[in-house]
Asker: 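For reference, the structure I am asking about is given below.
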Amino acid sequence: MIVRTFLKEKIAHLLKELWNEEVPIPLLYPDQPKFGDYATSVAMALAKSLRQKPLDIARTMAEHWKWQDICTVEVAPPGYLNFFVQDSLLGALAQEEFLHPHYGKSTLLSDKKILLEYVSANPTGPLHIGHGRWAALGDSLARILSYAGAEVWREFYVNDAGNQIRLLRETIQAVREKREIPENGYHGAYIADVAQQNEDPVQYILSWQKETLKNFGVEFDRYFSEKSLHESGMVQKTLDFLTSKGVAYASEGALWLRTTDHGDDKDRVLVKSDGEYTYFAVDIAYHQDKIKRGFRSLYNILGADHHGYVKRMEAAVWLLSQADGVETDFRIIIGQLVSLYRNGEPVRMSKRTGDMITLEEVLEEIGRDALRYYMVMRKADTHLEFDIEEAKKQSEENPVFYVQYAHARICGILRNLPPSLPKVQGGVIDSPEARLLAIRLLRFPEVVQDAALALEPHRIPQYLEDLASVFHKYYTVHRIITEDLEKTAQRAILVRATKNVLALGLHLIGVSAPERM
RNA sequence: GCGCCUGUAGCUCAGCUGGAUAGAGCAACAGCCUUCUAAGCUGUGGGCCACAGGUUCGACUCCUGUCAGGCGCACCA
């Protein structure tokens, strides 16, 4: 059971019954144990409309609280209701749910079929650290959304057509023929390597990117080729469709889309006056393809360097949905850039000049677990400053090891457990520290749901650090394995449950849960 | 000039969509291993939540303005 959801329902039920009120119920985790495991401030919010003192409202609610077997309730000034989960319930949950291999999995989003697009780097050069961030975010998000019950399909849009690609081919051709690299061509150190391959440069670079992502633990259901949209005629079909619906129009020798109908500050070109499609037009065709494949939730992770693109894309998908008579849930998650430093000196990341550090190299230096953790532990919209030397130095101190260590520590304890233990009859919550630990375990499903709804993977590592901390403290105070076999069995329950949740949480962000460290 | 994002401890960042005394990790200092993993634990110091107004019983959180930083403003991709 999810206690928070239970409380919200019952509180809402009470308000309806007592005063016929229907308001959102704020439910929070108090920062001090004496204020309970959960609390609500709803009485304060209702004071005005009920014309009563918050404290009186809270008291009345407490008097009518009839779910004492789940939570007891206390009133605190100026009008809080503080809920205390029953130890017996915690103990029972610890023996069942907390140990379940899919604990925290829900059907919250089971009505959603989501297409999550992320990374979508141009196949014109190696992936950089920013791609690493989108990759880690996207992969974690996909795992979290799936765990919340959604059907998630992961795609990488391959821009294997257009000017950049033509320029890349010209560059490679020039190098192979020992000619000068054309103006605006690519100059990275990797160019020489690509030119030496007996392979199509685009395919070569793409497989290189795939390899890097694979090493990073990030995989896709499909690498969607932009070229295929041209070849299948999807682009023209989509444009004809938009024209027939009157939202695309010809002017000044070009074809335009009325993106101003939906928040953009000017209409955008779909077909240039030279007859070529814009990148935008092809991307619209791609999104039309997503819709045609039955996806209604279209989530894109986009680098902040492309955020100027958001408004027109939102407008385009809105127009497509309107024209098709479907409702879509289109959401763009902006991943802010990663500024790369080495010993405090900024490192340039231009593909053109070639002075860049690739994701592959950083991955090599820092390691997969540490890098993945580092990339998802922060909110997506914070500007991340990443110093390679600092990160290398700190890799020993990286919070990922703190969390993993808790897991490994537990594995060590479990290895030392006596081979046979008596059956546990309750008493699992035998100390304040045990109680704090159980409460953390109880919150795991709530955290997963919050992360899924807010599309914020960073909540998972945040939670894991808290859980690990509470466990380390518990471990310091209480000895698990003792002569008292009954006590040992009781404590083993909680420890095993903690291991389970740590492993589940780490898995959600694609980080391993080592048995030994 | 316009738009998006950011501004919280010396540093890197949380702060649960408006609630109780603003938290964590590094860094500094002082302690804790004959017992299950010391990659751990305990304690100390460190804050005008950029600034100024406003809304509210109540603001780090919402609104307006200012300042600072990042990014973007194509018939490029």
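Sequence lines set the chain letters: A, B, ... in the order given, protein chains first and strands last, and positions in each chain run from 1.
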Asker: Let me know the distance between CD1 of A:Ile334 and C1' of B:rC5, rounded to the nearest Å.
Answerer: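 Distance check: A:Ile334 CD1 to B:rC5 C1' gives 9 Å.
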Asker: Is A:Arg409 close enough to B:rA38 that one of its side-chain N or O atoms is under 4.0 Å from OP1 or OP2 there?
Answerer: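 Yes, within the criterion.
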Asker: Evaluate side chain to side chain contact (heavy atoms under 4.5 Å, CB included) for A:His187 paired with A:Ile191, printing each intermediate quantity in order.
Answerer: CA-CA 6 Å; A:His187 293 278; A:Ile191 287 295; over 6 Å; no
Asker: Let's see if you can work this out: which of B:rG15, B:rA38, B:rA20 has an atom nearest to the side-chain heavy atoms of A:Lys379?
Answerer: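 Nucleotide nearest to A:Lys379's side chain: B:rG15.
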Asker: Could you list the protein-to-nucleotides 1-3 of chain B atom pairs, N/O on both sides, closer than 3.5 Å?
Answerer:
residue	atom	partner	partner atom	Å
B:rG3	N2	A:His307	NE2	2.2

Asker: For a quick check of understanding: with a heavy-atom distance under 4.0 Å over all strands, which category does A:Lys53 fall into, base, sugar-phosphate or nothing?
Answerer: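 Nothing, no nucleic acid heavy atom in range.
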Asker: What nucleic acid atoms does A:Arg516 come within less than 4.0 Å of, heavy atoms only: base, sugar-phosphate, or nothing?
Answerer: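 Base contact.
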Asker: Given the P atoms of B:rC60 and B:rG7, what is the spacing between them in whole Å?
Answerer: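 That atom pair is separated by 15 Å.
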Asker: If you measure from the C1' atom in B:rA22 to the same atom in B:rU61, how many Å do you get, rounded?
Answerer: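 Per the computed distance, 12 Å lies between those C1' atoms.
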Asker: When the distance from CD of A:Glu314 to C1' of B:rG72 is rounded to whole Å, what number comes out?
Answerer: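 My rounded result for the distance is 15 Å.
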Asker: Using modelled atom types only, decide if a donor and an acceptor are shared between the side chain of A:Gln404 and the backbone of A:Ser512 within a distance under 3.5 Å.
Answerer: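 Checked: pair present.
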Asker: To the nearest angstrom, how far is A:Ile25 atom CD1 from B:rU17 atom P?
Answerer: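 Taking CD1 of A:Ile25 and P of B:rU17, I get 13 Å after rounding.
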Asker: Restricting both atoms to N or O, compile the protein contacts to nucleotides 56-61 of chain B shorter than 3.5 Å, with distance only.
Answerer:
residue	atom	partner	partner atom	Å
B:rC57	OP1	A:Lys48	NZ	2.5

Asker: Output one line per pair: protein atom, nucleotide atom from nucleotides 75-77 of chain B, and distance, for all N/O pairs under 3.5 Å.
Answerer:
residue	atom	partner	partner atom	Å
B:rC75	O2	A:Ser273	N	2.6
B:rC75	O2	A:Ser273	OG	2.8
B:rC75	N3	A:Ser273	OG	3.3
B:rC75	N4	A:Glu252	O	3.2
B:rC76	OP2	A:Lys272	NZ	2.5
B:rA77	OP2	A:Tyr279	N	3.1
B:rA77	O2'	A:Asn122	ND2	3.2

Asker: Is the phosphate of B:rU12 approached by A:Thr382 (side-chain N or O, under 4.0 Å from OP1 or OP2)?
Answerer: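 A:Thr382 to B:rU12 OP1/OP2: no side-chain N or O under 4.0 Å.
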Asker: Mark yes or no for whether A:Arg479, through its side chain, and A:Ile481, through its backbone, hold a donor-acceptor pair below 3.5 Å.
Answerer: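 Looks like yes, one N/O pair under 3.5 Å.
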Asker: For B:rC33, does the O4'-C1'-N9-C4 or O4'-C1'-N1-C2 angle fall within 90° of 0, making it syn, or is it anti?
Answerer: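 Here the answer is syn: the torsion falls within 90° of 0.
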Asker: Considering only atom C1', compute the distance from B:rG45 to B:rC33 and round it to an integer number of Å.
Answerer: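 Going atom to atom, C1' in each nucleotide, I get 26 Å.
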Asker: In whole angstrom, give me the gap between the C1' atoms of B:rG47 and B:rG10.
Answerer: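 After rounding to an integer number of Å, I get 12 Å for this pair.
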Asker: Would you mind reading off the distance between A:Phe471 atom CZ and B:rA38 atom P, rounded to a whole angstrom?
Answerer: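 Atom CZ in A:Phe471 sits about 10 Å away from atom P in B:rA38.
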Asker: With a centroid cutoff of 5.5 Å and a plane-angle limit of 30°, would you call A:Phe35 stacked on B:rA20?
Answerer: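 Base of B:rA20: stacked against A:Phe35.
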Asker: Can you sort out which residues in residues 443-461 of chain A have a heavy atom within less than 4.0 Å of RNA chain B? Ascending by number, please.
Answerer: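 A:Asp450, A:His458 - these, ordered by number, are the residues of the stretch whose heavy atoms sit under 4.0 Å from the strand.
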Asker: Look only at the side chain of A:Glu252 and the backbone of A:Ser273, and say whether a donor-acceptor pair between them is shorter than 3.5 Å.
Answerer: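 Such a contact is absent between A:Glu252 side chain and A:Ser273 backbone.
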Asker: Between B:rC11 and B:rA27, how far is it from one C1' atom to the other, in whole Å?
Answerer: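 About 7 Å, rounded to a whole number of Å.
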Asker: Atom CG of A:Leu337 and atom C1' of B:rC5: how far apart are they, to the nearest Å?
Answerer: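 Interatomic distance, CG of A:Leu337 to C1' of B:rC5: 10 Å.
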Asker: Rounded to the nearest angstrom, tell me the gap between atom CG in A:Leu46 and atom C1' in B:rG18.
Answerer: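 Taking CG of A:Leu46 and C1' of B:rG18, I get 14 Å after rounding.
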Asker: B:rC57 and B:rC49: how far apart are their P atoms, nearest whole angstrom?
Answerer: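 After rounding to an integer number of Å, I get 23 Å for this pair.
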Asker: Is there a donor-acceptor pair under 3.5 Å between the side chain of A:Trp256 and the backbone N or O of A:Ser251?
Answerer: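 Answer holds: yes.
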Asker: Could I get the full list of side-chain contact (heavy atoms from CB on, under 4.5 Å) partners for A:Thr278, not counting sequence neighbours?
Answerer: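 Result, side-chain contact (heavy atoms from CB on, under 4.5 Å) vs A:Thr278: A:Val269, A:Lys272, A:Phe280, A:Ala281.
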Asker: Please determine, by modelled atom types, if A:His287 and A:Asn300 share a side-chain donor-acceptor pair under 3.5 angstrom.
Answerer: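 Yes.
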Asker: Among all residues two or more places apart in sequence or in another chain, which pass the ring-ring contact (aromatic ring centres under 6.0 Å, His included) test with A:Tyr299?
Answerer: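 For A:Tyr299 there are no ring-ring contact (aromatic ring centres under 6.0 Å, His included) partners, ignoring immediate neighbours.
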Asker: Quick one: does any side-chain atom of A:Glu74 pair with a main-chain N or O of A:Ala62 as donor and acceptor, under 3.5 Å?
Answerer: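 It does not hold such a pair.
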Asker: Considering only the P atoms, how many Å lie between B:rG58 and B:rG70, rounded to the nearest integer?
Answerer: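 Rounded to whole Å, the distance is 38 Å.
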Asker: Less than 4.0 angstrom from a charged side-chain N to a carboxylate O is my criterion; do A:Arg443 and A:Asp37 meet it?
Answerer: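 A salt bridge is absent here (no side-chain N lies under 4.0 Å from a carboxylate O).
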Asker: Could you tell me how far apart A:Tyr405 (OH) and B:rG40 (P) are, to the nearest whole angstrom?
Answerer: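 Rounded to the whole Å, the gap is 7 Å.
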Asker: Under 4.0 Å: is that the gap between some side-chain N or O of A:Tyr402 and OP1 or OP2 of B:rC41?
Answerer: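 Looking at the OP1 and OP2 atoms of B:rC41, one of them is under 4.0 Å from a side-chain N or O of A:Tyr402.
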Asker: Would you call A:Glu155-A:Lys290 a salt bridge at under 4.0 Å N-O?
Answerer: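 A salt bridge is absent here (no side-chain N lies under 4.0 Å from a carboxylate O).
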Asker: Could you tell me the separation between the CG atom of A:Leu7 and the C1' atom of B:rC16, rounded to a whole number of Å?
Answerer: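 Rounded to the whole Å, the gap is 15 Å.
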Asker: Are A:Phe224 and A:Phe156 close enough that their ring centers fall under 6.0 Å?
Answerer: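 Ring-ring flag for A:Phe224/A:Phe156: false, centres at least 6.0 Å apart.
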Asker: Just to confirm, is there a sub-4.0 Å distance from OP1 or OP2 of B:rU12 to any side-chain nitrogen or oxygen of A:Asn398?
Answerer: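 For B:rU12, neither OP1 nor OP2 has a side-chain N or O of A:Asn398 closer than 4.0 Å.
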Asker: What does B:rG1 pair with, Watson-Crick or G-U, if both distances are under 3.5 Å?
Answerer: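 Pairing partner: B:rC73.
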Asker: Any Lys/Arg nitrogen of A:Asp450 or A:Arg4 sitting under 4.0 Å from an Asp/Glu carboxylate oxygen of the other?
Answerer: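 Between A:Arg4 and A:Asp450 there is a salt bridge, with a charged N closer than 4.0 Å to a carboxylate O.
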Asker: Treating A:Arg169 as the side-chain partner and A:Pro201 as the backbone partner, does any N or O pair qualify as donor plus acceptor under 3.5 Å?
Answerer: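 Not confirmed, A:Arg169 side chain does not pair with A:Pro201 backbone.
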Asker: Do NZ/NE/NH1/NH2 and the carboxylate oxygens of A:Asp466 and A:Arg440 come within less than 4.0 Å?
Answerer: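 A salt bridge is present here (some side-chain N lies under 4.0 Å from a carboxylate O).
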Asker: Work out how far the P atom of B:rC13 is from that of B:rG31, and round it to whole angstrom.
Answerer: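 It works out to 33 Å between them.
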Asker: Could you check whether A:Ala39 gets within reach of a base, just the sugar-phosphate, or nothing at all, counting any heavy atom under 4.0 Å?
Answerer: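 Base contact - A:Ala39 has a heavy atom under 4.0 Å of at least one base atom.
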Asker: Go through B:rU37, B:rC5, B:rU21 for me and flag the one nearest to the A:Gln32 side chain.
Answerer: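 Of B:rU37, B:rC5, B:rU21, B:rU21 is nearest to the side chain of A:Gln32.
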Asker: Could you tell me if A:Tyr277 and A:Gln236 have a donor-acceptor pair between their side chains, going purely by distance under 3.5 Å?
Answerer: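 Yes, A:Tyr277 and A:Gln236 have a side-chain donor paired with an acceptor closer than 3.5 Å.
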Asker: Given B:rA39, B:rC16, B:rG72, identify the nucleotide with an atom nearest to the side chain of A:Phe401.
Answerer: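 Selected nucleotide: B:rA39.
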